[in-house]
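Only one structure is covered here, and it is reproduced in the block below.
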Amino acid sequence: MEIKVKQVLKYLRDSNLTYDYYGKLDIYINGYSSLNNLQSNSITWVKNKTYYNDKLFFDVNNILVVAKSDILDEIKKIDYKGIGFIICNDPKQIFFTILSNFFNKEKRLETFISPTSVVETDKIGQNVYIGHNSYIGKNVVIGDNTVIENNASIYENTVIGKNTIIHSGAVIGKDGFGYFKNSEGKNIKVPHYGKVIIGESVEIGANTCIDKGTLGDTVIGSNVKISSLCHIAYNLNIQEIA
């Protein structure tokens, strides 16, 4: 796949993303690489001028660089041969937006439910992906365009908003670690009657556990991102990120 720099710049303009371009317009790329392992015919990005070193580009060509405006004085000193610079205020956003548009292979356009998964609910929205060996309990609500990857367990009455991603191995909606001592000094488990409510555009990392509430609910607000191997205890309310 050969992508010309003119195609990339047109995409940025059509997306109303602000940038300036310095360099040749006949550059083409077919992949991406990091600054530490630059490959010819690729796009990379520079967080700020602390990470910039023009020596990185000596042995490669056809490099498209997304960078912050604080490197402008540096790039004006070099020959633009085989290098183009997209200068913007947020290079990370621009770089990964370009990657998502031109290199994202994982486009799920319709509902898929793996035959190896157990699904006990019918409250499933449109364009929902459920991977292999997952369990979806009774009365679980799954919003449109949600992805549930392999080996996830979503227990009864959990509500999942649209455009959410739940990575492999996540466990959502089990009892929390709640006990009390009875008159004999024995630990007695507290029953959990609440549920887990997850907002829209949430991402939950691999092998993360979210406990349901005791009497109320455990709530994960919209746009919240939770890393892998996290434990969200019962009754917590993580507020929506604007």
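- The number of heavy-atom neighbours closer than 6.0 Å to CD of E240, taken from other residues, nucleotides and ligands shown, is above 12.
- Residues F180 and N187 fail the side-chain proximity criterion, which asks for heavy atoms closer than 4.5 Å.
- More than 12 heavy atoms of other residues, nucleotides or ligands sit less than 6.0 Å from atom OH of Y179.
- Applying the 6.0 Å contact sphere to NZ of K10 captures no more than 12 heavy atoms from other residues, nucleotides or ligands.
- Summarising the geometry, atom OG belonging to S228 is positioned 7.0 Å from atom NE2 belonging to H167; distances are rounded to the nearest 0.5 Å.
- Between V119 and I130, the shortest heavy-atom distance links the atoms CG2-CD1, 4.3 Å.
- Cluster annotation: I113 and I148 are assigned to the same hydrophobic cluster (Ile/Leu/Val/Met/Phe/Trp/Tyr, side-chain heavy-atom contacts under 4.5 Å, transitive).
- Expressed to the nearest 0.5 Å, how far CD1 of I166 lies from CD1 of I210 amounts to 7.5 Å.
- At a threshold of 4.0 Å, the pair K212-D175 counts as salt-bridged, since one of the basic side-chain nitrogens sits closer than that to a carboxylate oxygen.
- At least one donor-acceptor pair closer than 3.5 Å links the side chain of S222 to the backbone N or O of E200.
- We find the CG-CD1 distance between D122 and I136 to be 13.0 Å, quoted to the nearest 0.5 Å.
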*So V66 and C88, side-chain contact (heavy atoms from CB on, under 4.5 Å) or not? Walk me through it.*
CA-CA 7 Å; V66 184; C88 55; 3.9 Å; yes

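- Taking the six-membered ring for Trp and the full ring otherwise, Y21 and F85 have centroids separated by 6.0 Å or more.
- Following chains of ILVMFWY side-chain contacts shorter than 4.5 Å, one cannot reach I241 starting from I197, and the two form parts of different hydrophobic clusters.
- Taking hydrophobic clusters as Ile, Leu, Val, Met, Phe, Trp and Tyr residues chained together by side-chain heavy-atom distances below 4.5 Å, I87 shares a cluster with I83.
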*Using the side-chain contact (heavy atoms from CB on, under 4.5 Å) rule, take I188 and K181 through it: C-alpha gap first, then chi angles, then the decisive distance, then the call.*
CA-CA 6 Å; I188 306 299; K181 287 187 181 293; over 6 Å; no

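- The side-chain hydrogen bond (donor to acceptor under 3.5 Å, both in side chains) test with N235 singles out one residue from D211, T218, T214, and that residue is T214.
- Of all heavy-atom pairs between G178 and H192, the closest is N-CE1, 4.2 Å.
- Taking the side chain as every heavy atom from C-beta outward, I3 and F103 approach each other to under 4.5 Å.
- The two residues S134 and S117 come nearest to each other via the heavy atoms N-OG, 2.9 Å.
- In this structure, T208 contributes its side chain and C230 its backbone to a donor-acceptor pair below 3.5 Å.
- With a 4.5 Å cut-off on side-chain heavy atoms, T164 and K162 do not count as touching.
- No side-chain donor-acceptor contact under 3.5 Å links S227 to the backbone of G205.
- Between K138 and V140, every side-chain heavy-atom pair lies at or beyond the 4.5 Å cut-off.
- Side-chain contact between L12 and I98 is present, with at least one heavy-atom pair separated by less than 4.5 Å.
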*Begin with the C-alpha distance, continue with both residues' side-chain angles, and end with the deciding distance and a verdict on side-chain contact (heavy atoms from CB on, under 4.5 Å) for H132 and N151.*
CA-CA 6 Å; H132 305 297; N151 302 301; over 6 Å; no

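- The aromatic ring centres of Y135 and Y155 sit less than 6.0 Å apart.
- You'll find the side chain of I232 reaches within 4.5 Å of the side chain of I226, heavy atoms only.
- Within the 3.5 Å criterion, the main-chain N or O of I154 finds no donor-acceptor partner in the side chain of T158.
- Residue Q126 qualifies as open at atom CD: its count of foreign heavy atoms under 6.0 Å is 12 or below.
- If you check the side chains of T50 and N48, you find a donor sitting under 3.5 Å from an acceptor.
- Hydrophobic clustering, with ILVMFWY side chains joined whenever heavy atoms are under 4.5 angstrom apart, keeps I160 apart from V171.
- Residues V202 and I165 fail the side-chain proximity criterion, which asks for heavy atoms closer than 4.5 Å.
- Under the 4.5 Å side-chain heavy-atom criterion for Ile, Leu, Val, Met, Phe, Trp and Tyr, V46 and I63 are members of the same hydrophobic cluster.
- Side-chain contact, N127 with N145: a donor N or O sits under 3.5 Å from an acceptor N or O.
- Summarising the local packing, CG of N182 is surrounded by more than 12 heavy atoms from other residues, nucleotides or ligands at distances under 6.0 Å.
- You'll find the ring centres of F102 and Y11 inside the 6.0 Å limit.
- Annotation for G161 and T146: closest pair O-OG1, 3.0 Å, computed over non-hydrogen atoms.
- Rounded to the nearest 0.5 Å, atoms OG1 (T18) and CD1 (I94) are 7.5 Å apart.
- Under the 3.5 Å distance criterion, the side-chain polar atoms of T44 are left unmatched by any main-chain donor or acceptor of V65.
- To the nearest 0.5 Å, the span separating CG on N62 from CD1 on I43 amounts to 12.5 Å.
- Atom NZ of K189 has more than 12 heavy atoms from other residues, nucleotides or ligands within 6.0 Å.
- At least one side-chain heavy atom of I86 sits under 4.5 Å from a side-chain heavy atom of V8.
- Of all the heavy atoms in N157 and K195, the pair that sits closest is O-CD, 3.3 Å.
- Smallest separation of non-hydrogen atoms from Q93 and L17: NE2-CD2, 3.9 Å.
- With 3.5 Å as the limit, one finds no donor-acceptor pair spanning the side chains of N41 and Q39.
- Rounded to the nearest 0.5 angstrom, S201 OG and N163 CG are separated by 4.5 Å.
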